[in-house]
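Quick caveat, the model's predicted, so the values are computed rather than measured.
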Amino acid sequence: MEYLKTNYSDIKKVMIGKVPAVIIEPKEATNKTLVFYHGWGSDKERQIFRGNIFASYGYRVILPEARHHGERNVEKLDHEDKDVEGEYILKVIMHNIEEAPSIFNYIEENYPGSEIAVGGHSMGAITAGGLYAFKKDLKMAFIFNGINNWKELVRGVNELKGQDKIDERGFRINEFFLDMNPMDSPEAFKDRPLVLFNGRNDDVINPAGQESFVKEVEKVYEDKKLLNFKLFDMTYHQITTQMLEEAIKFSKNLGGF
């Protein structure tokens, strides 16, 4: 896929363990690295323009390729098929989480001393939200159109598959998400900078699920300015320029990243 190049960053493709990735390096030296995960049906190349926006504000950006997507879609899955999405999406998120330590190790080895944040859109936002809960030394999370209430996530996926209860065939996957639900560990987020932006009109991921997470986690925040949840009017399942601008402003002015 062709992508726009700029004079303000260098772009290279790498393999991090078994994970193909794109790294966008700002021309000016930085000690801040953002790992940004793409959504269902997307790929790392389609995040490069977005990644360049972050890079222009001083972040090194790593864009991992999720399994069954982009060059890893060796099975040629049809991402528009709802049955395929229902069958694979939780597996892909779990694989993202399982592969994340190799990415963090790569950063530590190649960019020693770098501060690390995570982010993503949709499926990628769900990945980033989980990683932020699990890895306490991450400096920030940018969660766009995601859901950190994984009980609702599992319920929604089973609805997509036409099931009223947890599918026994996918029990191990469902059990992982229910056991590791970030909503059940609000203390993991306490006073850590967190952007949670959703489109009010999102018809893919119901923003009510993220709102329920926020109502739970805000109870433990002493500095509530660090919890930045917003529903954007007249916005569907998309990242807008307003979302990006407000997220980066928050990161710079309040998040310390």
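A cation-pi arrangement is not found for K224 relative to Y221, the charged atom failing to lie both closer than 6.0 Å to the ring centre and inside a 45° cone about the ring normal. A cation-pi geometry, defined here as NZ or CZ lying under 6.0 Å from the six-membered ring centre and within 45° of its normal, does not hold between R50 and F36. The side-chain tip of K230 points at the ring of F232 from less than 6.0 angstrom away and within 45° of straight on.
When side chains are defined from C-beta on, E25 does not count as touching K12, because their heavy atoms never get closer than 4.5 Å. Using a 4.5 Å cut-off on side-chain heavy atoms (C-beta onward), L244 and I239 make contact. In this structure, Y236 and V204 have side chains that are not in contact, with every pair of non-hydrogen atoms separated by 4.5 Å or more. The side-chain heavy atoms of Y37 and I126, taken from C-beta on, include no pair separated by under 4.5 Å. You'll find the side chain of I107 reaches within 4.5 Å of the side chain of V35, heavy atoms only. Proximity of N96 to P64: side-chain heavy atoms (C-beta onward) are nowhere separated by under 4.5 Å. You'll find the side chain of K161 stays beyond 4.5 Å of the side chain of K82, heavy atoms only. Counting heavy atoms from C-beta on, the side chains of L194 and N228 never come closer than 4.5 Å.
Heavy atoms from other residues, nucleotides or ligands lying under 6.0 Å from NZ of K225 number 12 at most. Counted within 6.0 Å of NZ on K18, heavy atoms from surrounding residues, nucleotides or ligands total 12 or fewer; the atom is thus considered open. Other residues, nucleotides and ligands place more than 12 heavy atoms under 6.0 Å from the CE atom of M15. Annotation: E75, atom CD; neighbour count of heavy atoms from other residues, nucleotides and ligands within 6.0 Å is above 12. Atom NZ of K249 has 12 or fewer heavy atoms from other residues, nucleotides or ligands within 6.0 Å. No more than 12 heavy atoms of other residues, nucleotides or ligands sit less than 6.0 Å from atom NZ of K151. Other residues, nucleotides and ligands place no more than 12 heavy atoms under 6.0 Å from the OH atom of Y57.
Side-chain atoms of N145 come within 3.5 Å of backbone N or O of G199 as a donor-acceptor pair. For H38 (side chain) and G124 (main-chain N/O), no donor-acceptor pair under 3.5 Å exists by modelled atom type. Formation of a donor-acceptor pair under 3.5 Å by the S56 side chain with backbone atoms of I53 is found in this model. Side chain of T30 to main chain of G58: a donor-acceptor pair is present (N/O by atom type, distance under 3.5 Å, no hydrogens or angles). Formation of a donor-acceptor pair under 3.5 Å by the R72 side chain with backbone atoms of E65 is found in this model. Between the side chain of N201 and the backbone N or O of M234, at least one donor-acceptor pair lies under 3.5 Å. Counting only distance, with no hydrogens or angles, the side chain of S114 and the backbone of P112 share no donor-acceptor pair below 3.5 Å. No donor-acceptor distance shorter than 3.5 angstrom exists from the side chain of N149 to the backbone of F213, with no hydrogens or angles considered. The backbone N or O of I173 sits nowhere less than 3.5 Å from a side-chain atom of E175 that would complete a donor-acceptor pair. Using modelled atom types, no side-chain atom of N206 and backbone atom of G209 make a donor-acceptor pair closer than 3.5 Å.
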Intermediate values then yes/no, ring pair (Phe, Tyr, Trp, His ring centres under 6.0 Å), F197 and F229: CA-CA 6 Å; F197 287 171; F229 171 64; 8.5 Å; no
For N174 and L90, what are the C-alpha separation, side-chain angles and deciding distance, and is it a side chain to side chain contact (heavy atoms under 4.5 Å, CB included)? CA-CA 8 Å; N174 289 314; L90 292 183; 3.5 Å; yes
Would you please test K13 and E71 for salt bridge (charged side-chain N to carboxylate O under 4.0 Å, His left out) and show each step? CA-CA 12 Å; K13 294 185 178 183; E71 64 185 271; 5.5 Å; no
Derivation and outcome, salt bridge (charged side-chain N to carboxylate O under 4.0 Å, His left out), residues E152 and R155: CA-CA 5 Å; E152 282 300 300; R155 185 192 62 77; 2.8 Å; yes
Stepwise side chain to side chain contact (heavy atoms under 4.5 Å, CB included) test for H237 and H121: CA-CA 9 Å; H237 195 66; H121 175 246; 3.9 Å; yes
For a side chain to side chain contact (heavy atoms under 4.5 Å, CB included) check, start with the C-alpha distance between Q210 and I143, then their side-chain angles and the critical distance, and finish with the verdict. CA-CA 10 Å; Q210 195 69 299; I143 311 299; 3.7 Å; yes
For salt bridge (charged side-chain N to carboxylate O under 4.0 Å, His left out), just list the numbers for K135 and D137, CA-CA rounded to whole Å, side-chain angles, deciding distance to a tenth of an Å, and then say yes or no. CA-CA 6 Å; K135 188 170 170 58; D137 59 346; 3.2 Å; yes
Working for side chain to side chain contact (heavy atoms under 4.5 Å, CB included), residues V154 and N181: CA-CA 10 Å; V154 169; N181 187 359; over 6 Å; no
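In this structure, the ring of H68 has its center less than 6.0 angstrom from the ring center of Y88.
For N105, there are no side-chain hydrogen bond (donor to acceptor under 3.5 Å, both in side chains) partners at least two apart in sequence or on another chain. For N52, the side-chain hydrogen bond (donor to acceptor under 3.5 Å, both in side chains) partners two or more places apart in sequence, or in a different chain, are S9.
Taking each heavy atom of D202 and P207 in turn, the nearest pair found is O-CD, 3.9 Å. Residues A66 and V92 come closest through the heavy atom pair CB-CG1, 3.7 Å. Shortest non-hydrogen contact noted between V118 and L131 is CG1-CD1, 4.4 Å. Annotation for E216 and P186: closest pair O-CB, 4.3 Å, computed over non-hydrogen atoms. The heavy-atom pair separating G146 from A125 by the smallest distance is CA-CB, 3.7 Å. Minimum interatomic distance between A128 and G120 (heavy atoms only, all atoms of both residues): CB-N, 4.2 Å.
Put simply, CG on N110 and CZ on R60 are 9.0 Å apart, with the number rounded to the nearest 0.5 Å. The CD1 atom of I89 sits 8.0 Å away from atom CG of L160, with the distance rounded to the nearest 0.5 Å. The CD atom of Q242 sits 9.0 Å away from atom CG of D233, with the distance rounded to the nearest 0.5 Å.
Salt-bridge annotation for E218 and K215: absent, with no side-chain N of the basic residue lying under 4.0 Å from a carboxylate O of the acidic one.
Ring pair Y132/F189 is tilted by interplanar angle, where 30° to 60° counts as tilted. Below 30°, between 30° and 60°, or above 60°: for Y59 and F257 the angle between ring planes is below 30°, a parallel geometry. Ring orientation note: the planes of H69 and W40 are nearly perpendicular, at an angle over 60° on the 30°/60° scale. Ring orientation note: the planes of F134 and W150 are nearly perpendicular, at an angle over 60° on the 30°/60° scale.
When the side chains of ILVMFWY residues are joined at heavy-atom separations under 4.5 Å, either directly or via intervening members, V14 and I116 end up in a single hydrophobic cluster. Under the 4.5 Å side-chain heavy-atom criterion for grouping Ile, Leu, Val, Met, Phe, Trp and Tyr, F49 is not connected to Y8 through any hydrophobic cluster.
Residue pairs meeting the side-chain hydrogen bond (donor to acceptor under 3.5 Å, both in side chains) criterion with at least one partner in residues 186-199, sequence neighbours excluded, are K190-E222.
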